[in-house]
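These notes are about the structure you will find just below.
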2 protein chains.
Amino acid sequence: MASTLDEADAAAIADLSPRTERGRLKADRRAAILRAAATLFAERGYAGVTIEDLGAAVGVSGPAVYRHFPGKAAVLAAILQGASRTLLDGAEQVLDSSPDPDHALRSLIRFHVDFALAEADVIIVQDRELEQLDRGARHEVRSLQRRYVEHWVNTLSRLRPDRAETELRFRAHAAFGLLNSTPHSARIPGRRPADGTIRGILEEMTWASLMS
Amino acid sequence: MASTLDEADAAAIADLSPRTERGRLKADRRAAILRAAATLFAERGYAGVTIEDLGAAVGVSGPAVYRHFPGKAAVLAAILQGASRTLLDGAEQVLDSSPDPDHALRSLIRFHVDFALAEADVIIVQDRELEQLDRGARHEVRSLQRRYVEHWVNTLSRLRPDRAETELRFRAHAAFGLLNSTPHSARIPGRRPADGTIRGILEEMTWASLMS
DNA sequence: TCCCGATGTTAGCGAGCACTCACCGACATG
DNA sequence: CATGTCGGTGAGTGCTCGCTAACATCGGGA
């Protein structure tokens, strides 16, 4: 908790140097807890999951989780920080390799669709449980998200310089609502198009809504 | 709890006949609790609000809430059932007075935008806390929502008979994600366009995404 | 006016849960 | 091989919170 900056950094460094057997196991377990937690939080909500559940999901029981995270809130923080980091890094990489704004926007959309479909649990938790974080972690996640949005706004601004940035920012948020709807409707077990088809429809709808 | 059908009906009937002073006060208080609960649930999540909070928000304290609702879950159920009822009734009224599919879809969009902007709290709770309901209430809300979606799908199907209903249903869900994004981004206190402008942009984006 | 039922209060119960503690076995390092 | 560290366990601990109980107050129909 607290600022969780040192915490996250230390963990990241630890993850990057698992030269010993013990260290590798620890890194694996930490990752397993995060994956399981994302699924459980998405299914039952942050408050509906106990520390006991978190441990049980990876085969240990209860207080063992505290060997990997200082508390329940830190697990949520790690999930949300990881997600917003991944999105931001991905967007910057996409923009670096885009020759023109048209290609950039298309790539941003494709990248976001891929992430939403691959990490549906994380998307749901990100939408839903941001305000459960303490001030420090919430600020950090929000800051990462804001930078991600600004990349979209800048790209849109180059395509439609006639429009106010305020409107483009609003449109970007609406587009995220559209893109992030898939994980939610996926939970409702209605019949739905094949995965490849979904990708195409989502990209088409998002482009049309942004450029309309 | 249980099926909450008799519960809701009895309350609705009670609300419709407040001929005595006491009855009027009771109806008012019930409504006040529901409004306050929607706001609080939207801000802190269902689990983050206590019965004490609910009472305090309307000037009574704690267990007095049990004079109006059999339990915390019943408050949430009343909010969600009310919302899905309102949406379904509104959609059917809109469709009854629409001469052609084009006008119908435009009116559906406008109606949904109005609801999302007017009842932002309820939209957030609806998106977020459906799975907190017990089986009976959840089934009822889902059934109402399904009928609402089918009105959209039928309207879309008349405009684009070339498309599979599965695809149209998926598109409708994505459009709801777009429309319901506004209450979420409204919580983030960024500068945003004036309310009238928002309406136009949302309608434009939704139409474009559905018909693209 | 009288009395019943409805609406409120405060006190308290019981369950659930995040988190701590004392301890244990195993792995890695000198 | 000895030893310190580390990841794990089971048994608690204290707090929060939904809900109930017992009692006060008051509006309104007879």
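In what follows, every chain begins at residue 1, and chains take the letters A, B, ... in the order their sequences are listed. Basis for what follows: all heavy atoms, side chains included, without hydrogens, waters or symmetry-related copies.
Note that CD of A:Glu119 is 7.5 Å distant from OG1 of A:Thr86, once rounded to the nearest 0.5 Å. The CD1 atom of A:Ile109 lies 10.0 Å from the CG atom of A:Leu178; values are rounded to the nearest 0.5 Å. One distance of note links CD of B:Gln93 with CG of B:Leu88; it measures 11.5 Å at 0.5 Å rounding. Interatomic distance, CD of B:Gln145 versus CZ of B:Arg142, reported as 8.0 Å (0.5 Å rounding).
Contact check, A:His68 against D:dC6: no side-chain N or O comes under 4.0 Å of OP1 or OP2.
D:dG7 atom P lies 11 Å from atom CD1 of A:Ile33, rounded to whole Å. Summarising the geometry, the separation between CZ on A:Phe69 and P on D:dG7 is reported as 12 Å, rounded to the nearest angstrom. For A:Tyr66 and D:dC6, the OH to C1' distance is 18 Å, given to the nearest whole Å. When the C1' atom of C:dG16 is taken as reference, atom OH of A:Tyr46 falls 15 Å away, rounded to whole Å. Residue A:Arg29 contributes atom CZ, which lies 16 Å from atom P of C:dA26 at whole-angstrom precision. Rounded to whole Å, atom P of C:dA26 lies 15 Å from atom CG of A:Leu25. Atom P of nucleotide C:dG16 and atom CZ of A:Arg44 are separated by 15 Å, given to the nearest angstrom.
Nearest to the side chain of A:Lys72, among D:dT9, C:dT9, C:dA18, sits C:dA18. Closest to the side chain of B:Ile51, from the set C:dG8, C:dA22, D:dG18, is D:dG18. Among the nucleotides D:dG8, D:dG18, C:dG8, the one closest to any side-chain atom of A:Ala64 is D:dG8. Listed candidates were C:dC21, D:dG18, C:dT7. Nearest to the side chain of B:Lys26 is C:dT7. The listed nucleotides are D:dG8, C:dG8, C:dA11; the one nearest the side chain of A:Arg67 is D:dG8.
At the heavy-atom level, A:Val75 lies nowhere under 4.0 Å from the strands shown. Counting non-hydrogen atoms under 4.0 angstrom, A:Val49 reaches the backbone sugars and phosphates but no base.
Remark on DNA chain C: of its neighbouring residues A:Thr50 and B:Val60, the 5'-side contact belongs to B:Val60, judged by nearest-heavy-atom nucleotide.
A perpendicular orientation is assigned to the rings of B:Trp152 and B:His112, their planes being inclined by more than 60° (bins at 30° and 60°).
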